[in-house]
Amino acid sequence: MTRRRWFEIGLCLMALGISHVVSAQELRRFTAGSYDRIVQAHAGKPFVLAVWSLTCEPCREELELFSGFLQKNPQFELVLIATDTPADEPALRAALARHRIARAEIWVFADAFQEKLRFEIDRRWYGELPRTYFFNAAGVRQGVSGKLDAGRIDAWFAAK
Amino acid sequence: MGVMKIVVALNAKVRSLAVLMAMLCTMSVAVAQEHDAVSHAAHEKLGLATNVVFDANGRLWRVSSADEHVIVQYSDDKGRRFSAPVKVNAEPENIAADGDNRPKIALASNGAVYVSYTVHLPQPYAGHIRLSRSIDGGRNFSAPITVNDDRAAISHRFESFLLDAQGKVHVVWIDKRDQAAAGKQYAGAALYYATSTDATHVTSNRKLVDHGCECCRIAMALDTDGVPVIVWRHIFGKSARDHALQRLDDRSTLIRVAEDDWEIDACPHHGPTLAVASDGTYHVAWFTNSAKRQGLFYARSTDRATFDAPMPFGDLQAQPGHPALWVRGQNIYLAWKEFDGTRSAVRLMRSTDGGRRWSATQTIATAQSGNDYPLLVADGKTVYVSWNAQREGYRLIPLDEKVASR
């Protein structure tokens, strides 16, 4: 079974309404310029931009953490960017559903020239995952590599 | 998409949404199958991730992947043209083929071609290590065997292998069986080891070490006495993901390459490289991003016990990464990748005195499309950079003309 066929079947399941809530959202294609558009769209509001991947084990626990935080805090704005490929859409949706990410803006890298996408996000980020950016209302961001602990998000949310 | 137009056209006539959706599904899958047929016919584009090796006659062997198959080809004209793709695995499998986890290839002195790869299982992060060989010059490959004797659907991934002078295959990989047994308090994953003489049978697996990092390639080379040596990203203390070296005999213990103290609970996806010189010097290069050191570093050990102070290289503002080392005698080549915001570049330094002093950095090639790690490979007389890029294609770039005079 090729990835494309899984994708088609995934679309079918979506159409049949079997999917989880987050599956209803568009999985947006992250390409050159996407990072600036995300930052502009969230200007004036604090938000978290988190980069993850299907192949990253610590990301699994990070998604769990976000899931709990999303449920507790309706104003928490989360942008999730997966560094996998658009062909991984069914697996990405399955992972998000498994970790009960009910509400987030979801993106996937859509250019094999990954360096370019990484560079646009942060030229001093070298691809380690998870990688999380905390934005305040003024648009100032702080980047963190590695799995977060709950206290880190709480502190940011309280201070924002 | 055409399917959507049909949906609109049908919408007025078909009252039952369920019927419509069922039709859409049938059509959609049929379209997908048609695509598959076309791509099979056209030998769907090879993946970017490759490994290469020269045989004694100057033939370049390349392993890559396409459409759920590991693919082997060779070139007799230094990488300009390659032979028709030969599938290693007859049955389609989900092949790990990017970044630090990709199919490997090595040759025995009797001409046998060995290939290893990781197959992804449907479960997250799960995989098995496969091994196959061809004894008819790469025309046919044996049914791949599974190297890991733990068959749980957990992580057995990131394999590396080499052949010793007797033609024995040594395979090392990252294995989560101990983590699965111990639970969450077990940091990282163990490294396991097995050997095979024929890619049909494999020895029972032996644990080398606990608490390796989960997602970085393992560098492997033969020591001067024929014993394999590995370098990998290890977890020291709670979560310092620094590099360790170990000889795969029963006596040697782990040597820490450098105390970077990169405390991070993350997947760097960024493994080291190792070369052993004929005088027994170990040459290692790696990436770290700790408070103490950031970027790429090189260090050598002349006593098999301690490493010199790490030497930084690469431009930190240009995403330096994925180093490769090649050594013969006192000549050492060190290649890596950088990105300046527009172009990727393969950068290179050379030492002619065993790693004491290094040349200035040169750019060997650039790419403006998705591209693979740079590799170093040598035939009898020339060292080459092997580099694959989406638009620029596969390139094998001889280094001696460019570098020898400097």
Side-chain angles (χ1 to χ4, degrees), chain A residues 1-18 32 51-63 83-85 88 90-91 94-95 98-99 109 111-120 122-132 144-149, chain B residues 18 20-22 24-26 28-33 35-36 39 44 48 67-68 92 94 96 98-99 101 120 122 124-125 155 157 176 189 214-215 239 263-270 287 289 294-295 316-321 337-342 344 367-371 389-391:
Chain A
M1 189 82 82
T2 63
R3 281 175 165 179
R4 184 183 291 117
R5 204 172 310 152
W6 280 114
F7 175 66
E8 299 288 342
I9 289 167
L11 282 179
C12 291
L13 293 177
M14 278 169 59
L16 289 167
I18 293 166
V51 194
W52 69 293
S53 158
L54 289 169
T55 61
C56 157
E57 296 202 39
C59 294
R60 179 154 54 168
E61 289 164 57
E62 180 126 323
L63 287 176
T83 60
D84 305 282
T85 70
D88 296 315
R98 196 164 51 242
H99 296 291
F109 272 22
D111 185 340
F113 204 1
Q114 291 222 353
E115 290 86 343
K116 204 178 172 72
L117 304 182
R118 282 213 309 269
F119 195 91
E120 288 192 5
D122 183 353
R123 68 186 297 168
R124 291 296 293 265
W125 165 50
Y126 302 96
E128 67 277 5
L129 294 174
R131 176 76 173 172
T132 311
V144 181
S145 287
K147 198 175 71 197
L148 300 170
D149 56 47
Chain B
L20 175 60
M21 287 304 169
L24 175 59
C25 283
T26 316
S28 167
V29 171
V31 167
Q33 279 165 347
H35 278 302
D36 287 348
S39 53
E44 183 168 336
L48 277 179
D67 200 21
E68 302 185 304
N94 188 358
D98 61 13
N101 201 4
H120 285 307
Y125 319 110
S155 185
R157 297 186 296 159
K176 286 214 133 177
E214 301 94 324
C215 53
S239 60
E263 290 277 350
I264 188 168
D265 206 350
C267 283
H269 290 294
H270 211 147
F287 174 83
N289 198 14
Q294 301 91 42
L316 256 193
Q317 292 296 330
Q319 303 245 338
K337 192 158 109 166
E338 292 186 356
F339 179 73
D340 66 3
T342 310
S344 284
Q368 296 196 62
S369 63
N371 56 82
Q390 224 166 24
R391 236 185 1 252

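Computation of the quantities below employed the complete heavy-atom set of this structure, encompassing side-chain atoms and omitting hydrogens, waters and symmetry-equivalent molecules. Throughout, a chain's letter reflects where its sequence line sits, starting with A, and its residues are numbered from 1. Predicted model, so just to flag it, every value in this text is computed and none were measured.
- Classification of B:Glu214 and A:Arg60 as a salt-bridged pair fails, no side-chain N sitting under 4.0 Å from a carboxylate O.
- For the atom pair CD of A:Glu128 and CG of B:Asn289, the computed distance is 5.5 Å after rounding to the nearest 0.5 Å.
- Heavy-atom distances place no part of B:Arg391 under 4.5 Å from chain A, backbone and side chain included.
- In this structure, no portion of A:Gln114 lies under 4.5 Å from any heavy atom of chain B.
- Of the listed residues (A:Ala95, A:Ala32, A:Cys56), the one with the most heavy-atom contacts under 4.5 Å to chain B is A:Cys56.
- For a residue to count as touching a neighbouring chain, one of its non-hydrogen atoms must lie under 4.5 Å from one of that chain's; by this rule B:Ser369 touches chain A with the backbone only.
- Residues satisfying the ring-ring contact (aromatic ring centres under 6.0 Å, His included) criterion with B:Tyr125, sequence neighbours excluded, are absent altogether.
- When each of A:Glu62, A:Arg98, A:Lys147 is scored by its heavy-atom pairs under 4.5 Å with chain B, the top score falls to A:Lys147.
- Residues B:Asp265 and A:Glu61 form no side-chain contact, since every pair of their non-hydrogen atoms from C-beta on lies 4.5 Å or further apart.
- Atoms OG1 and CG, on A:Thr55 and B:Asp98 in that order, are 7.0 Å from each other to the nearest 0.5 Å.
- A:Arg131 contributes atom CZ, which lies 14.5 Å from atom SG of B:Cys267 (distance to the nearest 0.5 angstrom).
- The ring-ring contact (aromatic ring centres under 6.0 Å, His included) test applied to B:Phe339 returns A:Phe113, A:Phe119, not counting sequence neighbours.
- Note: B:Gln368 leads B:His270, B:Gln368, B:Glu263, B:Gln294 in heavy-atom pairs under 4.5 Å with chain A.
- For chain A, the option among B:Ala266, B:Ala318, B:Gly321, B:Ala367 with the highest count of heavy-atom pairs below 4.5 Å is B:Ala266.
- Side-chain contact check for B:Leu316 versus A:Tyr126: some heavy-atom pair is nearer than 4.5 Å.
- With a 4.5 angstrom heavy-atom cutoff, B:Asp340 touches chain A only via backbone atoms.
- Atom CG of residue A:Leu54 and atom NE2 of residue B:His120 lie 9.5 Å apart, to the nearest 0.5 angstrom.
- At least one side-chain heavy atom of B:Gln317 sits less than 4.5 Å from a side-chain heavy atom of A:Arg124.
- For chain B, the nearby part of A:Asp122 is the backbone; its heavy atoms alone come within less than 4.5 Å.
- Taking OG1 from B:Thr342 and CD from A:Glu115, the interatomic distance works out to 12.5 Å, rounded to the nearest 0.5 Å.
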